[in-house]
Structure formats: structure tokens, C-alpha cells
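Quick notes on the structure that follows.
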Amino acid sequence: MEAANPPARDIRRHLPGLLLLLAAVVAPWFMSGNWINILILSLLFVFLCVAWNIVGGLTGEFCIGHSLFLAAGAYTSTLLYIHLGVSPWIGMFAGGAIAAAIGMFIAWLSFRYALPHLSFALVTIALAMLGYLAISSIDFLGASRGLTLPVRGSAWYYHFRSDLAFYYIILAHAVAAVLLTMWLYRSKAGLYFRTIRDNERAALAIGVPSLRYKMLAMAISAFMTALAGVFYAQFLLYVEPKTFAGLTIVIEIILFTVVGGTGTVWGPVLGPLLLVPLGEVLRAELGGTAPGLHLFVYGLLLIAVIRFMPGGLMAALSKLGALRVRPSSAKEA
Amino acid sequence: MERRLKLVLAGLVGAALLGASGDAASAKEARVGVLMPLTGRYAESGNGVMRGAEMIVKEINAKGGIKSLGGAKIELVVADNGSDPTKTSLEARRLMNDEKVAFILGPYSTPEAQAFMPVADRYEVGGLGLQTTLVPQTPYFQTLSIAAADFGKGYGDLVKWLRQKGAKIEKVALTYANNDYGQVVQKSAVESLQAQGIKVLEAIPVEPGVKDMTPVVLRVKSLAPDAVISVVYFQDGVLLHRARFNLGYDDPIWIGGSAGFSDEKLWNVLTPEVASKTLTDVFGFAFFSDDANLPGMKEAVRRGQAAYPDKPIEQSFMFGAQAATLVAAALEKAGSTDPKKVNAAFRALKFPAGAPEVMLPMMVSGISFNDKGLVEGTSPLFVQWKDGKKHIVYPEAVASAKAIIKGVN
């Protein structure tokens with residue numbers, strides 16, 4: 001009898017996630033084009049937030065330089081596509097590799113001398129600004145005017161007539177990212193990440209190679225963020241510095257993750273799934289009739305969430321008992 | 001059972017009637033998207049465009065709508081892109097996919113247009129950019145603005161005209177905002193000047209956000225040019241004129257634009273004392289000035305003042321009015337709300353110089369689009385200031401005053 005229980009428990013534990021996935025798969029069949037676009041954007045941010053959470057939440061290093069990785073993915077695949085005709089499906093791995101290398105370098109530069117956390121945040125913000133200025137000035141990268149991607153109209157070039165294809169691609173990305181985070185929680189690497197986050201000195205004392213694992217966390221996070229950059233570039237068919245290398249998108253990623261619940265598996269999923277549609281609906285409903293009001297309402301709602309749920313939505317939900325959160329996650333959130 | 005069947009039948013009939021009435025309603029309206037920055041950096045201009053477009057649409061609807069569509073009324077479906085390229089892309093998708101608009105009036109700026117073009121290409125719905133200085137890369141996009149490269153040519157053309165009027169211009173210095181826009185304008189201006197055999201002494205880059213233009217003016221002074229061309233924004237233009245005033249340097253013929261030489265606020269910001277010394281004989285690049293000798297514009301300004309007595313009738317208002325006039329004409333010509341037909345009709349529009357539909361004085365040859373989607377035969381306006389008022393002095397076809405040229409009159 002006991003032997004039959006663990007699988008049943010597993011199913012029960014993963015039931016909310018499975019139901020969410022099922023809803024995500026069938027949702028676009030009942031939606032208009034605009035709602036599909038909003039969902040695409042929401043899932044893109046789910047993917048980005050989950051990626052950031054590996055460094056910012058799991059490992060506890062506050063990185064503000066993820067725009068560098070997003071731009072690395074978007075610009076590498078776009079340039080390979082425009083100048084050499086390389087499919088973005090291949091270019092995405094080149095972009096990911098470059099972003100991972102940059103991420104590891106930043107981690108090595110920041111942590112080899114055991115600089116404090118604030119220094120890491122400052123180093124990443126400085127490098128992000130440097131990247132933005134470089135992209136805005138270099139003509140080969142389109143400078144401040146950006147690059148428009150030529151439409152070749154075939155799936156091999158990541159081009160689809162229907163937005164549904166983009167929806168399922170980014171859904172696959174987001175699901176894979178969540179599964180990766182769940183696996184990381186159970187793996188040795190994930191345990192090391194959390195040990196470094198909770199008490200780095202203790203981690204070093206028991207022999208955790210802190211620098212190596214921080215570099216690994218950055219590499220994984222950067223690689224994933226670059227893949228998001230490739231997707232975003234192909235979806236918009238346009239890359240430009242403000243969107244892909246500016247600090248606004250990093251602030252959004254961090255904000256959505258914090259609102260959802262930093263360091264948890266589902267917080268970076270919940271935050272963007274609520275806030276991105278909210279922002280888009282407010283803009284669509286109020287933007288044309290009362291310009292600026294949507295930003296005001298959005299700001300008020302954000303203040304309310306942060307004021308009344310300082311641990312994020314996941315912490316609030318776990319308090320209500322609506323969703324089960326792993327003890328370590330709940331503690332962190 | 002019979003009662004239930006009746007209810008179902010009644011429901012079906014009701015649904016069919018509702019559906020039929022929806023079709024009938026849609027046949028009586030032509031939906032046009034307006035994709036404008038109503039918030040963010042370009043909000044002031046976007047709202048000005050909205051007022052101009054709304055005035056024209058109200059007038060057309062009051063006169064019986066689009067005749068070739070059986071009197072269909074134009075319905076503007078407004079979307080705010082927040083002055084942001086990404087939101088432009090998403091809102092364009094929404095307007096094309098969900099709102100099923102026949103055409104889109106917008107976007108406003110060049111980065112927004114970069115994001116808009118692939119979407120227009122993909123959904124085959126046309127759009128009309130306003131202050132978009134790029135050359136369109138799709139048959140589904142056209143622009144009312146002059147292309148950035150033609151800004152430089154405009155400066156060159158003015159110099160050529162000044163020389164024809166007797167001005168001695170053999171050596172020219174340039175100062176330009178060191179960004180993408182400034183670099184493109186500077187390059188094309190230098191090409192145009194050199195093609196006339198004029199010596200370009202130096203092109204001096206100025207970082208956007210500069211705090212003091214005195215070193216730039218001193219450098220220009222040391223070059224002793226006959227004329228100077230300055231590509232500036234509003235704030236660096238103000239600094240440039242103040243530096244010229246402080247140094248008492250007004251020897252060369254000074255040409256520049258756009259906002260830093262022709263913005264409505266410039267005279268008062270500089271103060272009349274500085275402005276009267278520095279602005280009265282310079283040539284300021286402009287897209288619009290309400291003193292132009294153009295019947296369509298004068299009439300639109302009069303109607304605009306009546307419709308919005310408490311709002312300024314300025315450049316963005318006139319761009320909105322011009323754009324809406326053209327979109328309505330395209331709908332009339334197409335006789336359809338099919339986006340492909342409306343876009344084709346838009347590209348084929350032709351209005352001769354001086355026609356009532358021509359409202360922007362920079363369209364000196366009338367309005368017709370070339371195969372790239374640019375208005376043919378446009379010319380930037382050059383204004384001169386007198387006692388706080390701007391007067392167009394070039395091109396002569398729409399000029400309202402005679403140019404004051406140093407060394408000539």
C-alpha cells in the first residue's frame with residue numbers, strides 16, 4: 001500500500017502545474033489574435049524571469065545586466081541571418097554560447113576577489129550600460145536606428161504566418177525552463193546554488209566551489225536569456241538597442257519576479273502571467289481614450305501588491321494554502 | 001418538448017438577426033486605425049496629430065462619409081503605442097488582426113516605423129508614417145516626412161539658391177548632433193555642397209546633451225567660413241545661439257535646423273534681446289509654418305482654430321489633418337475596405353500643387369508617392385524670424401516674406 005502512494009502523491013503535487021500546462025495548450029483555440037499576442041509576451045517574460053531567477057533567486061546574486069544576454073542572442077542570430085543567411089534556429093545556439101561566455105566572464109570578474117553583492121550589481125549595471133552604448137553607436141549593429149529583419153516566410157527561418165506557431169514555441173521554452181528549475185532544485189548544482197545564496201562562508205567552509213557554481217548559474221541564465229532574445233527578435237522582426245539592450249526590460253524582469261516570488265519555482269511564472277496581461281489590457285482599454293491613465297492604474301496596483309504581499313504572490317498564496325510551496329522556497333519567498 | 005424547441009428556434013433566429021445587423025453595421029463604416037504615441041516621449045505631438053485627424057474625419061462624416069462606399073462613415077480605432085517600438089509592433093498586430101482596420105494612420109517616429117514595417121508587410125495592411133525619416137522597405141508603408149538623407153540635400157539646395165541670389169558662399173563649416181540622424185544629415189549635406197564646388201572646411205560633431213556650445217562656436221570662428229550649417233535639436237540650438245550672442249559672432253550666413261532654429265518657443269526661450277540679435281538673419285529649417293502661401297493649409301488652419309480655439313494649430317496638428325485627408329481620399333478611390341485595395345489606392349493618390357487637399361507647405365509639387373513610398377518633390381521650408389514671428393522665405397513658391405541675405409540686402 002505504501003509503495004503505491006508516492007506516484008499518487010507526485011501526481012497530486014504536480015496537478016496545479018499540469019492543469020496550468022493543459023490550460024496553456026488549449027487557451028489559444030478560444031482566443032483572438034490580440035490575446036494570443038498578449039500570451040506570447042507573457043510567456044516570453046515567464047521564460048526571462050525563470051532564467052533570471054536562477055542567478056537572482058536561486059543563487060542570490062542580484063544581476064542587472066541581463067539585457068546584455070538578451071541583446072547577445074537577438075543581435076547574433078539577426079546578424080548571422082541578415083549577412084550569412086544562417087537560420088535563427090542555428091543562430092540561437094551561437095547567440096546562447098556568446099551570452100554564456102559573457103555571463104561566465106562577468107561572474108569570474110566579479111567573484112574571484114569575493115567582492116560584496118552590491119559590487120556585483122554595480123558591475124553588471126555598468127557593463128549593461130556599456131553594451132547599450134556600444135550597440136547604439138556601432139553602424140554594423142544598426143546603431144540607434146536598429147535592424148529590420150527581412151521576411152523569408154519559411155519555418156526554417158523562424159518565420160510563421162500565424163502567431164499560434166510563435167505561441168507554442170515560447171510555451172515550449174517556458175515549460176522547459178520551469179522543468180529545468182524544478183530539476184535544479186533537486187540536483188547537486190541547485191543545492192550548491194542555494195547553499196551559496198543562504199550562507200556563502202559556510203558553503204566555502206564545507207568545500208562548495210563557490211566561484212565555479214556562480215559561473216555555472218550565470219552561464220545557464222545567460223544562455224536562456226539569449227534564447228529569449230532570439231525569439232523576441234523573430235517575433236518582432238526588428239531589433240533595436242532600447243528594447244533589447246536597455247535597462248527597462250531588466251527592470252521589468254526583476255519586478256515581475258519579485259512580485260511573483262523570488263527564489264521559488266512558480267513565482268517567476270505567476271508574476272509575468274498576471275502583470276503582463278494586466279499592463280496590456282489597461283493600455284488597450286485606457287491608452288486611446290485616457291492617455292497615461294493605464295500607467296497610473298498599473299503603478300497603483302503594483303504598489304498595492306508590494307505593500308500587502310512583500311514576499312510576493314507565491315508567499316501570499318502559500319499562506320492561504322492555495323498552492324503548496326517547497327519549504328525552502330516558501331522560506332525564501 | 002415543443003416549448004423547448006420553440007425556444008431554441010427563437011434563439012437561432014435571434015442570433016441570425018443579430019449577426020445580420022452586425023454585418024449591416026460594418027458595411028456602413030470604414031475602420032481606420034490610428035497608431036500614435038499618446039503617452040511617452042512623443043505624446044505632445046501624437047495628441048496634436050489626433051486632433052488634426054479627428055477634425056478631418058468629423059468633417060467628412062458630417063458631409064455624408066465615403067461616397068464610393070455608400071456613405072460609409074470613417075471610424076477611427078485609436079491605439080496608444082507609448083512612443084515605444086515594441087508596443088507599436090504589438091498594437092499594429094492588434095489593429096490588423098482583431099480590429100480589422102482598412103489602413104493605419106501612423107506610426108509617428110522613425111523607430112516606431114522600423115517596428116511597424118515588418119508587421120505591415122506580414123499582414124498586408126498599409127500604414128502612413130508622419131515624422132518617419134526612413135526610406136520605406138515595404139509596399140505597405142509610406143511616409144509624409146522627408147527622408148533623413150534629403151535633409152542634407154535640403155541644406156545644399158538652400159545654399160545653391162542663396163548663391164544664385166548673390167550670396168558669396170565659397171567655404172562652409174558644419175556642426176552636427178553626433179548621432180545617427182545628425183551623421184546622415186551631415187554626410188548628405190557635405191555631398192551636396194561638394195557637388196556645387198563648395199569647400200567644406202570642417203564638420204564638427206557635437207554630442208547630444210552638450211552643456212555649452214561656446215567651444216564649438218570658437219572653433220567655427222577660427223575657420224572663418226562664409227556660411228555655417230548647424231544640425232541641432234532644440235536645447236543645443238538654444239546653447240548655440242547664446243554662445244553666438246555672448247561671443248558677438250555673427251559674421252557668416254548661419255543655416256540650421258530643425259527645432260533649434262524654428263521651434264515656436266525659441267524666441268521666448270532665448271529672450272527677445274538675444275533672439276533679435278541671433279535669429280533675425282539666420283535660416284531655420286522647418287516642416288511647417290502657418291504663414292505659408294498655400295490655400296489648403298490656410299483653410300485647414302482656419303477650421304482648426306474654430307474646432308480647437310484653446311489649442312495651438314501647429315505642425316503635428318497639420319500632419320494629422322493631412323494624413324487623415326489622404327486616408328479618406330484613398331478609401332474613396334478604392335471603393336472598398338479591403339486593406340490591399342486601400343493601400344494600392346493610397347499609393348496611387350495624386351494631388352497637384354495648390355490643391356485644397358495639400359495642407360503641408362513642404363509639398364511644393366503637390367502630393368504623389370514614388371515607388372518607395374516617399375512624397376515626390378518635397379522641399380524643406382526655411383524660415384526667418386522677425387519680432388518673434390516666423391516667416392517662410394524658401395522655397396519661393398510658398399514664401400510669405402523676402403529673405404534677408406547677409407552681404408546681398
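Reminder, nothing fancy here: chain letters follow the sequence lines and each chain counts from 1. If you're wondering where the values come from, they're calculated on a predicted model, not measured in any experiment.
Identified by a heavy-atom distance below 4.5 Å to chain B, the contributing residues of residues 236-255 of chain A are L236(A), L237(A), Y238(A), E240(A), K242(A), T243(A), in residue-number order. Close approach to chain B, defined as a heavy atom under 4.5 Å from one of its heavy atoms, is seen in N37(A), L41(A) of residues 36-49 of chain A, taken by number.
The residue among Y232(A), F235(A), W35(A) with the most heavy atom pairs within less than 4.5 Å of chain B is F235(A). Of the listed residues R94(B), Q137(B), M36(B), M50(B), the one with more heavy-atom pairs under 4.5 angstrom with chain A than any other is R94(B). Looking only at heavy-atom pairs under 4.5 Å with chain B, the residue among L149(A), D163(A), D139(A) that has the most is D163(A).
Within a 6.0 Å radius of NZ in K73(B), more than 12 heavy atoms belonging to other residues, nucleotides or ligands are found. Around atom CD of E44(B), no more than 12 heavy atoms belonging to other residues, nucleotides or ligands sit under 6.0 Å away.
If you measure heavy-atom distances from Q183(B) to chain A, you find no contacts under 4.5 Å at all. Contact of E99(B) with chain A is not made at all, since no heavy-atom distance falls under 4.5 Å.
Considering CZ of R122(B) and NE2 of H159(A), their distance stands at 9.0 Å, rounded to 0.5 Å.
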